[in-house]
Amino acid sequence: MYREFKHLNLPVIDAEIRQFWEDEKIFERSVEQRPAENAYVFYEGPPSANGKPGIHHVMARTVKDLFCRYNTLKGFRVARKGGWDTHGLPIELQVEKELGITKEDIGKKISVEEYNAACRSTVMRYKDLWEDKTRRMGYWADLDNPYITFENSYIETVWYMLQRLYKKQTADGQSFLYKGFTIQPFSPAAGTGLSSHELNMPGTYKEVTDISAVAMFKVKRDAASAPLFDDENEDVRIMAWTTTPWTLPSNVALTVGPKIEYVKVKTLSPYTGAPVSVVLAKARVAGYFNAEDENQPLDSFKIGDKKLPYQVVKEGIKGSALVGVRYEQLLPTPAASTPELEAKGFQVIPGDWVTTEDGTGVVHTAPYFGADDFRACKTAGIPFIGLPNEKNSGLPFPLVDRQGKFVDEVPEFGGRYVKSEYYPIEIQKDKDFKPTDLLVGLRLKEDNKAFKIEKYKHTYPHCWRTEKPVLYYPLDSWFVRASAAKDRLSELNKTINWHPESTGTGRFGQWLDNLQDWNLSRSRYWGIPLPIWRTEDGEEEICIGSVMELSGEVEKALKAGMMGSNPFNPTPNPSPSGEGDLHSGFSANGDDLGEDGRFMEEFRGDWFKTTSPERWAYLKEFARGMRKNQTAGEAAMWELLRDKQLDGVKFRRQHSIENFIADFVSLEHKLVVEVDGTIHDFQPEYDQIRTELLNAVGFEVIRFKNEDILGHKYKVLDELRIILKRRKKELETITNQNPQGTKDFKANTQIKSPFPQGEGFDLHRPFIDEVILISPSGRPMYRETDLIDVWFDSGAMPYAQWGLDYEKLKNGDDKPFKSPFEVSYPATFIAEGVDQTRGWFYTLHAIAGMVYDSVAFKNVVSNGLVLDKNGEKMSKSKGNVVDPFETLSEFGADATRWYMMSNANPWDNLKFDTGGILETRNKLFGTLYNTYNFFALYANLDGFKHDEFNVMPYEKRSELDRWVISKLYSLVADYRAAMDDYDVTKACRAIEDFVDEHLSNWYVRLSRRRFWKGDLNEDKTAAYQTLFECLMVTTQLMASVAPFFSDWMYRNLTASIKEQAKAKNTPLRHDSVHLTDLVQPDISKIDLALETRMDYAQRICSLAFSIRKREKIRVRQPLQKVLLPVLDEAFITAVDEVKALILSEINVKELQYVTDSSGLLKKSAKANFKTLGAKLGQDMKDAAGLIANFSNEQIASLEKTGALEVNIKGTVYTLSPEDLVVVTEDLPGWKSASDGSITVALDVNLTEELLAEGTARDLVNRIQNIRKDKDFNVTDRIAVRIERHPAIVSAVEQFGAYIQDEVLANSLVLADLVEGEAVELNDDVTLQIEVTVD
RNA sequence: AGGGCUGUAGCUCAGUUGGUUAGAGCGCUACACUGAUAAUGUAGAGGUCACCAGUUCAACUCUGGUCAGCCCUACCA
């Protein structure tokens, strides 16, 4: 029996099939049954589970899933290892938000360890929701063994890849991984630099209104500037425009275009009325002066006037002539002044990038806050402006700190945020609040240094998470030298098959062509630590490529006494098979003292308990030096603390603890007192590690600022006293709880791990920062504190998802990754949103290209965005976000998936409208469901069971059967071609077309009678077999996109024959459609001639129906004759084959061809523009008119002789038959209609007999309706009594037998009195019919 | 600002190498059909193929420009 159903309910089907898949492990089997060597490699771009899945994830995952399923059916083994992206700023920011802290609080209010633990627990928060969504949408992936980017094996593989880059060198010997200093986008609000990827997140560039300033820089009179002066007292100024007035205190140069022409204009300062001569580009004069005001008397101006008189007094000043001109510093900061700056700063320099499209043609240049500025100053040898940087001999500290505040030393504006957005919203809203830019503007106005201060609208980049403006800021960073591999990456890209192609050639290709170095550094906590250790001076460094290597280095460091113990001890020793878990090799407990323990025993004195003797010896020199060169603050503090002055507590100064030197320390109270100069603002990272490490060994660290000690001595003393008391108490409690505790330094040097015992060491911060290595020259090396860009994490997934194989690594294998890496690289196919073009797509490509000179993927589909139905982006604030769970529950996964794939190409943006899903459900799934149910209903009645070994040969089947089979296999060919080209939309639409147009509305409709009439004869069996094959093949083709419904149908179709199929090992033996082999495109089953003539039949029927409609003759009314004018014999032969179909479909008794010889045919001709156009050229138009007027005779002559000469404007052309498109015109005297070359005429004369037959058919219909209303079984026999009404008597008498046969009536009687249903036969006649089961 | 994509019926989308009636589905109107019925058929209304120019005998299609939308790139101050 085939299962029959009452209603289509896709969500119920989903649930049933989902359960079946899980119970029977269909996914696992679908993968495993294919041979491993025949792999179709798919990479899963890892999602982050810290946000809820959205409807766009359903879109992206449908694309991924369907091509994996499709290729599985094609016989490939398609492993799909799931993955989770677990690092990155979004997670950190979320944690900060939830804990109510900012980045500055990390390491203070909360330890890095706690913070990272919070990240770790947050990152998988919505894992369950994701997995639920994954299952419900039918996304097949291995969720049990995902790769997780925070796991040690993943991290160490990323290290390995970094090391490969570190070791790789360009032709001129530069490493692919290097440390540099550049001006980068920096988000003070998020406390981090931003990568170019992040700067390109959607919504980053926003239109904002800022305050712009045109400042006037007063020229100093000297040899270089002399030509600019007319007389000694003239006030000559250079005008420069800026949209960031807050950078004006940092101005050190003005940049001009060497080739640009500048002019000097005599005018007045608009704000003070003072006479002034300004220099600006000639092309920009009109931007600041109104031509009407030219040469007006200067003394006519009053402050506040709109009209500013002016006079161009000097023209033709080349930019190059201005270079070297010196000017007075605009807004001096005394603390930042240096002799060097005074000597070389504040002059005009050249820059090719200067234009005259905007501003004044002179660019205010502040090197720390602009990439162009930075380059220009470096080239011109202009020093940077900033506070002296005491400890680092390097560059001065910028006048703006990392929080986006002016440093205190900046007069007037010190301590103010440079962008108003950094202030809390309440402050911004205060009526008295003035943005810093405005204050700067006001200062300039007052000082007669401003020409124009006004609001200015422009787009400015914003931090994609905090939505606050970005600053360009000088940052130390590690870079990947991607620019060196630019050409090769571009070449490799050309071998990748992109969908859509334009993304690959255009968007991605052009990006590669302009590739910049990849900034890897992130000043953050939760991410993969950069595996580079350096000596403090940066002279020696090491890049670690594995935990094994790190362990070896730690051993060396141990011997040198750099560290307390080796957390990686014993040396990790994964099993040779590569199966071992790296974690298991690590010792987490500190029982094993090793060498370290032994040497600690030898030292008894308190003195050395804070560090190892060797380190002590090493640091001693530094400490001594620091004591000598102490700062003013340190000196003042020492005065307060020395000689047990403070409550009798003993303090030491410049004392070594671990690998740091503390400014002051009380060993008794375990308290470190640090005195900070401003240098510490520049290196918060370093301070933080220091604090963390000191905390880790039991010391509390407090800090005082220089100015506090110098200015508020007693306040500092009070604070210290309070802290000392508290410390004393705390230490007593700790000692009581744990007598060993803080006394034993060794115990605390054990590096902690967040994992339970035995699970190993955590490679994250802060633990990794505690690892100190020793350089070849015997100096300590500290880890570079940066984390790496999370995009590197995901870009390294082809390797890191498997992890390092130590055996291979030891053998020097070029690709030392665990199995099955060998058969899993590169990917055959990946798919992700188009927004990943510069993200994952790029990082995959870049890493593969640079490290292995290979592509990482061969085919890629980038899908577009999912917008709401109005084409607007979905966002929480708009409230137009679609919940994927609701959608899946309401419409089912298949309809949702199908809609998303078929509505538009996946790479176009999708305007998501549930109405579209509804349409898909009704049209495709509803139709197919009905078709299946129709099949099941009659197959069950007839006891039909499909028998794979006993199918009727196609040549013995009817025209209609062979036609639909031909269509079916044409579909298979089209479908496979489209899918192989990754064009799923085309594939889906082909299926829709087949199901709706061909299968349902033609084949099934025309075949209905075959199913319900008579016994299971040969023709009927053929019909069942044909329909079965159509359903079976269709369901297989649909399986990739609609995995639930197709499996449901497959299982229904095969349930009754499953046992037999299994026993005989036939193609239908599989438990699930997803385990089958995709049907082959069998050309032998395709008959194009048959498809053509069926197309004729469909068009003829359609035309006949349209005539009936026009003439208001219902289809049930039989007609005598249909006439077909024909032009050639081939048409007759073709139509003859489908004649029976046509006649029964349009309910006409006979078909008659009208040929030439009949004399009835009137032809007309139209020019065939395609062939004729090329031949005739300009005469085409005239020829078309001529041909349209051809007579029957002319056409006939051409057809007969094959040539006809025409004269067009004196030129004689010879026409051949293919130059004309001949059609027949309406037959005079007949009701006709035509469509292109086909014309149909109907004989609409109704005889008595025809009318009676029509009435009989009406009666059949009414009786059938009654049967249905009364819920009779389809097979019930009935008795019918009809009221004796004049309108039907003749029909019943003539066609009684026919009626009985049609309605399965055992008896049919006319009676005078019938008490049955009142039935309306037509507008005039209503009669009673009684129907009973007999 | 530059690059890419898109612009066809009220809506969602097709439209092959330029060729003379520009299509489908949904929606709307009317009629029909209904032993598949959350269907189906026929017909109707609905288009300056965003706009302007050019190439051509012929342009929705090719070229250039303009406008609008989206995405990407970009601190030109």
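So you know, we letter chains A, B, ... as the sequences are listed, proteins then strands, and number each from 1.
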What base-paired stems does RNA chain B take part in, with at least 3 consecutive Watson-Crick or G-U wobble pairs and both distances under 3.5 Å? B:1-7 with B:67-73, B:10-13 with B:23-26, B:28-32 with B:40-44, B:50-54 with B:62-66
Which residue is it: A:Trp498, A:Trp511, A:Phe508? I am looking for the one with a ring-ring contact (aromatic ring centres under 6.0 Å, His included) to A:Phe841. A:Trp498
Should the pair A:Tyr288 and A:Phe451 be assigned to parallel (<30°), tilted (30 to 60°) or perpendicular (>60°) ring geometry? perpendicular
Show the nearest heavy-atom pair for residues A:Asn909 and A:Leu865, with the distance to one decimal. OD1-N, 2.9 Å
At under 4.0 Å between heavy atoms, what does A:Thr243 touch on the DNA or RNA strands: base, sugar-phosphate, or nothing? sugar-phosphate
Taking any heavy-atom pair under 4.0 Å as a contact, classify A:Arg1267: base, sugar-phosphate, or nothing. nothing
How far, in whole Å, is B:C11 from B:G27 if one measures between their C1' atoms? 8 Å
Assuming nearest nucleotide by heavy-atom distance, tell me which of A:Thr931 and A:Tyr899 is located more 5' along RNA chain B. A:Tyr899
Just checking A:Tyr929: base, sugar-phosphate only, or nothing, at a heavy-atom cut-off of under 4.0 Å? nothing
Can you classify the ring geometry of A:Phe935 versus A:Tyr1024 as parallel (below 30°), tilted (30 to 60°) or perpendicular (above 60°)? perpendicular
Reading 5' to 3' through nucleotides 41-46 of chain B, protein heavy-atom contacts under 4.0 Å coded B for base, S for sugar-phosphate only, - for none: SBS---
Got a donor-acceptor contact below 3.5 angstrom from the A:Arg921 side chain to the A:Phe891 backbone? no
Contacting residues from residues 907-918 of chain A, given that a heavy atom lies under 4.0 angstrom of RNA chain B: A:Asn909, A:Lys911
Give one of base, sugar-phosphate or nothing for A:Ser1000, where a contact means two heavy atoms less than 4.0 Å apart. base
Decide whether A:Thr255 and A:Thr365 meet the rule of one side-chain donor and one side-chain acceptor closer than 3.5 Å. yes
Please determine whether side-chain hydrogen bond (donor to acceptor under 3.5 Å, both in side chains) holds for the pair A:Gln1117 and A:Asn1147, giving the CA-CA distance in whole Å, both sets of side-chain angles, and the decisive distance to 0.1 Å. CA-CA 7 Å; A:Gln1117 174 62 58; A:Asn1147 197 13; over 6 Å; no
Closer to the 5' end of RNA chain B via nearest nucleotide, is it A:Val362 or A:Leu999? A:Leu999
Can a side chain N or O of A:Lys923 be found less than 4.0 Å away from OP1 or OP2 on B:A24? no
Between B:A24 atom C1' and A:Arg989 atom CZ, what is the distance in whole Å? 10 Å
With no hydrogens and no angle check, is any side-chain donor or acceptor of A:Asp913 less than 3.5 Å from a backbone partner on A:Gly915? yes
Give A:Asn1261 one of three labels, base, sugar-phosphate or nothing, depending on what nucleic acid heavy atoms sit under 4.0 Å from its own. sugar-phosphate
